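One structure is given here, and the rest of the page talks about it.
Note that ligands are numbered from 1 as they come in the structure, with each ligand's atoms numbered from 1 the same way. Here the structure is a predicted model, which is why all the values come from computation and not from measurement.
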Amino acid sequence: MKQIKIAPSMLSADFSRFGEEVVLTAESGADLLHLDVMDGSFVKNISFGPKFIKEARPYTKAVFDAHLMIVNPWNYIERFAEAGSDIITVHYEACKDRLKSTLRAIKSLGVKCGAVINPDTEVSAIKDVIEECDMLLLMSVFPGFGGQKFIPEVLPKIEEAARLIESTGKGIDLEIDGGITLENVKAVKDAGANVIVAGSTVFKEKDRADIIRKLREI
Ligand code: DX5
Ligand code: ZN
């Protein structure tokens, strides 16, 4: 059994006091801090860029998990690496034929890498690059906004992705992102995911440590 890791999505944090939010979330037991980067082009929303991450970096030693929802991500990975990302994930849909080279470029910068697929992309799309990945991220909502409803059709894809990872014999993390709640987190884990992103579920609660513990233990 792989270790269950909880990755609060900082998209739901108060950006006017982001440094404090980072400290509080890390101290509440988060294993990774999930940083959603949106460019208004790959997705219909704009969040923040490398400068924002760089300025948050001194506040914590927690693992920064940068989820790039941007077009032409290869043009920016160096800046996200320099900003202090520990892992950078890029979308298959944004890279297509350049996915493998982009993953390798991330690794060459000394940063862990991962591929992301949207709810309507088959797991088979990333079969050829799975060996390059430290993490595979499956979206359980269409990316762009926090607070959306979990798409249950993704559950069999989690099982399929878990089998693909198993076949590599490598301890590749399987992350799930979008609409995770206390009600569906068990099904997601049972299907084989071990890294759980949760934005609104974590940030709507006053006691962040308690909700992170519940998400981990359920
Ligand atoms: C969606 C983002 C998610 C999102 C998660 O585009 O990638 O990380 O912020 O938020 P919740 O948990 O509220 O769906
Ligand atoms: Zn995300």
Atom indices of ligand 1 within 4.0 angstrom of Met38 heavy atoms, with elements: 6 (O)

Tell me the angle that NE2 of His34 and OD2 of Asp177 form around the Zn ion (ligand 2), rounded to 10°. 100°

Determine yes or no for a side-chain-to-main-chain donor-acceptor pair under 3.5 angstrom, with Thr25 supplying the side chain and Val22 the backbone. no

If we number the atoms of ligand 1 from 1 as shown, the ones under 4.0 Å from a heavy atom of His67 are 7 (O)

I'd like to know if the side chain of Glu93 and the backbone of Ile117 have a donor-acceptor N/O pair within less than 3.5 Å. no

More than 12 heavy atoms from other groups under 6.0 Å of NZ on Lys2: yes

Nearest heavy atom to atom 10 (O) of ligand 1: which of Gly146, Pro8, Gly144 does it belong to? Gly146

Could you tell me the residue and atom name of the protein heavy atom closest to atom 5 (C) of ligand 1, and the distance to it rounded to 0.1 Å? Asp177 OD1, 3.5 Å

Within 4.0 Å of some non-hydrogen atom of Gly179, the atoms of ligand 1 are 11 (P), 12 (O), 14 (O)

Polar atom proximity, Ser200 to ligand 1 (N or O, under 3.5 Å): yes

Can you report which non-hydrogen protein atom sits closest to atom 9 (O) of ligand 1, along with the distance? Ser9 OG, 3.1 Å

Out of all atoms in ligand 1, which are within 4.0 Å of some heavy atom of Gly147? Include the element for each. 11 (P), 13 (O), 14 (O)

Of the backbone atoms (N, CA, C, O) and the side-chain heavy atoms from C-beta on, which set of Pro143 has a member under 4.0 Å from an atom of ligand 1: side chain, backbone, both, or neither? both

What N/O/S atom of Asp36 gets nearest to the Zn ion (ligand 2)? OD1

Tell me whether Asn118 contacts the main-chain N or O of Asp120 through its side chain, where contact means a donor paired with an acceptor under 3.5 Å. no

Side-chain contact, heavy-atom cut-off 4.5 Å: Val202 with Arg208? yes

Between His34 and Asp36, is there a side-chain donor-acceptor contact under 3.5 Å, judged purely by atom types and distance? yes

Taking everything shown except Glu159 itself, do over 12 heavy atoms lie less than 6.0 Å from its CD? yes

Which of the ligand 1 atoms, numbered from 1, are nearer than 4.0 Å to a heavy atom of Leu11: 9 (O)

Does a salt bridge link Lys170 with Glu132, judged by any charged N lying under 4.0 Å from a carboxylate O? no

Of all protein heavy atoms, the one nearest atom 12 (O) of ligand 1 is Gly199 N, 2.7 Å

Are there more than 12 heavy atoms of other residues, nucleotides or ligands under 6.0 Å from atom OH of Tyr76? no

Taking 4.0 angstrom as the limit and counting only heavy atoms of Phe145, give me the atoms of ligand 1 inside it, by number and element. 1 (C), 6 (O)

Relative to the heavy atoms of Met139, which atoms of ligand 1 are at a distance of less than 4.0 Å? 7 (O)

For ligand 1, is there an atom lying under 4.0 Å from some heavy atom of Asp36? yes

Assess whether atom CD of Glu78 is packed by more than 12 heavy atoms of other residues, nucleotides or ligands within 6.0 Å. no

Between Lys204 and Ser12, is there a donor-acceptor pair closer than 3.5 Å when you use the side chain of the first and the backbone of the second? no

For ligand 1, which atoms, with element, lie under 4.0 Å from some heavy atom of Ala198? 12 (O)

Which atom, among the N/O/S set of His67, is closest to the Zn ion (ligand 2)? ND1

